[in-house]
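To keep things clear, I will list the structure first and then write my remarks on it.
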Amino acid sequence: MTHEQGHLSEDARAIIAEEEALLSRVQATLELARRKAGRALENQALVDQLQALRDEATSAAEADLPHLFFQMDQTRALLDRQESAQLPDSQAPYFAHLRLHGDAGPRDYLLGRTTFADVGAGVRVIDWRFAPIARVFYSYEEGDAYEEQFGERLAEGTVEVRRLVVIERGVLTRIISGALVLERAQDGTWHGVGRDVSALREGGAGSAARPGAMGTGKGARRVEDAFGVTAMLDAEQYDAVSVAASHPLLVLGSAGSGKTTVALHRLAKIAFDDPNTYPQARMKLIVPEEGLARLSRRLLAPLGLGRVSVDTLDHWLLATARSAFNLPGIKLSPETSPLVSRFKRHPALRPLLLGRIGAPKTQAGTTLERLHRRLADAYLDRHFLDNVVSQAKGELPRTAIDEVLEHTRLQRSTPLDKELKDITEPERLITVDGKAIEEDTPYALAGTVDLEDLPILMFLKAQHGPLGLERLAHIVLDEAEDFSLFELFVVRKLLGKGRSCTLAGDEMQQTESGFAGWPQALDELGIRDASTCRLQVSYRCPAPVVELARQVLGTQAPAESSAQRPRAGAPVGFHHFPVEAQAQLFVGEALRDLVAREPHASVGVIASSPESADAVYRVVADQAWARRVKDGEFSFEPGVDVTDVGSVKGLEFDYVILPDVTARAWPVDDESRRRLHVAITRTSHQLWVVSSGARSRLIPEAVAAAPR
């Protein structure tokens, strides 16, 4: 709902007048300071250049964006390298207004990216990232009494004004003051925007924990209730659960359609119907991420499956390799670049590698060290690497060749401590901080094995003879689209002649390129006649979220089904800001407001990367309800989890905010489409898409610009 400026309340008009007068005073003060410093032309030229690059990025072709971003980074670096007296950008000098009334009376503080003060003019701009007084803005609401320790001084007072402001090209365009949102139209008139736009919709708490969906909720409260949930399965889900235990099952479905529900209930039914053939001790659930593993353990317990082993893919690979090669420990690489990892997990490597290396001729040739040496020889063959990249048909860039070559050279080099021990005394190799001498250097890779190499090495060993692994009675692979062909081969060896397994997945949710397709995945498992269940109904996401997810996938989206349409729900909120800091502060505001109204809600703030998640978390780190979740360590309790898209597969939240949907974070490529699709479809009630600078073109302009 909007109101013409004449229809605004007196309080709203007073706020607008106050903020416009404040901006004019700040700009005049900055102009005077520039003249005194004699740097007006130099700085303004850089500011104008940066603004022109930002404008160009909003309409440039996708292929030109990396170059434009590089130029923007260079220009920003020039501005940042100016002497310490550098002045704020007068086109956007600050993005928040804080007025505190303390012992010295009222004082205005403006949060920006550069510190500047002219006490005589009443102008105090503080760096929102570092200034201690900025904590008051994060931690208190308008009207609150505050008490904070700033160095040696205890500061007390009242927060009189606390507002977010958006200033674009030197013009005030938006004011957010609690529930009041004021926006300036292109013709200069101001409008009041309804709370339904500026706040997340109420009523979402607990929507991710509804019975039968097994999302981030607590599952059945009592063991005796566990199979009562089974009665709530729909007909498709019940038919899938009832497939004979000895028969393989492939469960396909979009996000929130109940794939995990089916897989876990089938596991429970198999264990209940024939515990002698399928004892829990010989059943295993393998998932890609630690967060989903924690959730799965939580959901299995009320189903009476507390003794079923739940492993992440990485943990399972390491434990299985240790058993296969009879090694108590394997020295893993401290870090493998994403591109090298993608190369080693890509299906194009599978047929070419066996042709390049062949089967070991003797049992003595099946040790991990000898097989790894032969594997490294292949990785050091540029012609071989070139063939793999060519067979990947565009899913691997040619830069992967040099990355794999350099990574392998470092792995096969002599460890630094061994190289130096012959030329110096051992005690000289002890570092001041107690770390190994090669730690945090490229030499740390020497003598290591990549986790991604472990299934390949087991695959090579199996070409000569058995792996010597204990057989499993039933295996469940959840998010199976993220398993490589080599990993599926090892699963096949664990099943032996048995074929009792459940695969649950959705090719649209693969978070990296290289999925070979379900026919090839089943073939790698030695399965020709799996029963296939395609779940047609998404129970998690409301219709607006489902529609956005389809648009983000573009041509990758599956054909629309004529089955039941998704339920109605709150509209997706789109919020765009000129700079990142404004977007982050806005997210912090929205979270504070939501938690106050919905204290029992589960909220996921899902960033594009761990680094971006860290930046968002800094805004709310002082709040008791905020958690920075790393390595999948979700508690599944009410509150706000700030995390990244790589940690949330298989999970769901009542509310989801995507804080960084920018062209830089989410470029237009197939992998980004799938990753953004995963992030979007984690919500069961409402989604917000927040962006700054140049919005990602994966979000259609018409959608983001539609009335909210």
Would you say [X] and [Y] make side-chain contact, with heavy atoms under 4.5 Å?
X: Glu487; Y: Leu313; result: yes
X: Pro93; Y: Leu23; result: yes
X: Ile680; Y: Val545; result: yes
X: Phe574; Y: Leu548; result: yes
X: Asp654; Y: Thr683; result: no
X: Arg174; Y: Arg184; result: no
X: Ser602; Y: Pro638; result: no
X: Ile126; Y: Ile133; result: yes

Without hydrogens or angle criteria, can the side chains of Glu168 and Thr173 be said to hold a donor-acceptor pair below 3.5 Å?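 Yes, because at least one side-chain N or O of Glu168 sits under 3.5 Å from a partner of the opposite role on Thr173.
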
Does Glu335, at its CD atom, have more than 12 non-hydrogen atoms belonging to other residues, nucleotides or ligands within less than 6.0 Å? no

Is the number of heavy atoms from other residues, nucleotides or ligands under 6.0 Å of Arg628 CZ greater than 12? yes

Tell me whether Arg298 is salt-bridged to Glu637, with the criterion being a basic N under 4.0 Å from an acidic carboxylate O. yes

Any salt bridge between Glu671 and Arg342, counting N to O under 4.0 Å?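 Yes, charged N to carboxylate O under 4.0 Å.
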
Non-neighbouring partners of [X] that pass salt bridge (charged side-chain N to carboxylate O under 4.0 Å, His left out), sequence neighbours left out:
X: Lys344; result: Asp450, Asp453
X: Arg697; result: none
X: Asp669; result: none
X: Asp127; result: Arg129

Counting only N and O atoms by type, is there a donor-acceptor contact under 3.5 Å from the side chain of [X] to the main-chain atoms of [Y]?
X: Lys259; Y: Ala504; value: no
X: Ser692; Y: Pro578; value: no
X: Glu19; Y: Ile16; value: no
X: Gln582; Y: Val579; value: yes
X: Thr681; Y: Val678; value: yes
X: Glu481; Y: Asp506; value: yes
X: Arg682; Y: Leu651; value: yes
X: Ser691; Y: His576; value: no
X: Arg673; Y: Val552; value: yes

Output, in order, the C-alpha distance, side-chain angles, deciding distance and verdict of side-chain contact (heavy atoms from CB on, under 4.5 Å) for Leu180 and Ile15. CA-CA 10 Å; Leu180 176 65; Ile15 289 173; 3.8 Å; yes

Counterpart residues, ring pair (Phe, Tyr, Trp, His ring centres under 6.0 Å), relative to Phe577 (two or more places apart): Phe586

Checking side-chain contact (heavy atoms from CB on, under 4.5 Å) for the pair Val620/Val640: CA distance, chi angles, key distance, verdict? CA-CA 10 Å; Val620 294; Val640 176; 5.7 Å; no

Heavy-atom pair with the smallest gap, counting every atom of [X] and [Y]:
X: Pro288; Y: Asp478; answer: CD-O, 3.3 Å
X: Gln237; Y: Ser257; answer: NE2-O, 3.1 Å
X: Trp666; Y: Ser696; answer: O-OG, 2.7 Å

Report the C-alpha distance between Glu289 and Arg294 in whole Å, list the side-chain angles of each, state the deciding distance to 0.1 Å, and finish with yes or no for salt bridge (charged side-chain N to carboxylate O under 4.0 Å, His left out). CA-CA 9 Å; Glu289 302 292 342; Arg294 286 170 175 253; over 6 Å; no

Evaluate the salt bridge (charged side-chain N to carboxylate O under 4.0 Å, His left out) criterion for residues Lys649 and Asp482: first the C-alpha distance (whole Å), next the side-chain angles of each, then the deciding distance (0.1 Å), finally the verdict. CA-CA 10 Å; Lys649 286 200 71 174; Asp482 280 351; 2.9 Å; yes

For [X], check side chain to side chain contact (heavy atoms under 4.5 Å, CB included) against everything at least two apart and list the hits.
X: Ala607; value: Ser612, Ala613, Pro659, Asp660
X: Val310; value: Leu285, Ala293, Ser296, Arg297, Leu300
X: Asp644; value: Pro610, Ser647
X: Ala581; value: Phe95, Trp128

Residue pairs fulfilling side chain to side chain donor-acceptor pair (under 3.5 Å) with at least one residue in residues 617-627, sequence neighbours excluded: Arg627-Asp641

Enumerate the salt bridge (Lys or Arg N to Asp or Glu O under 4.0 Å) contacts for residues 568-590, please, sequence neighbours excluded, ordered by first and then second residue. Arg162-Glu589, Glu589-Arg592

Which is it for Ile167 and Gln91 under the side-chain contact (heavy atoms from CB on, under 4.5 Å) test, yes or no, and what are the steps along the way? CA-CA 7 Å; Ile167 302 168; Gln91 297 296 295; over 6 Å; no

Looking at OG of Ser672 and NE2 of His677, how far apart are the two atoms once the value is rounded to the nearest 0.5 Å?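 Atom-to-atom, Ser672:OG and His677:NE2 are 14.0 Å apart.
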
My understanding is that only residues two or more places apart in sequence, or in another chain, count here; which of them pass side-chain hydrogen bond (donor to acceptor under 3.5 Å, both in side chains) with Glu452?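 Applying side-chain hydrogen bond (donor to acceptor under 3.5 Å, both in side chains) to Glu452 gives Ser341.
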
Walk me through whether Leu658 and Trp688 qualify under side-chain contact (heavy atoms from CB on, under 4.5 Å). CA-CA 6 Å; Leu658 309 184; Trp688 266 15; over 6 Å; no

The side-chain contact (heavy atoms from CB on, under 4.5 Å) partner of Leu591 among Val616, Val642, Val619, Ile657 is Ile657

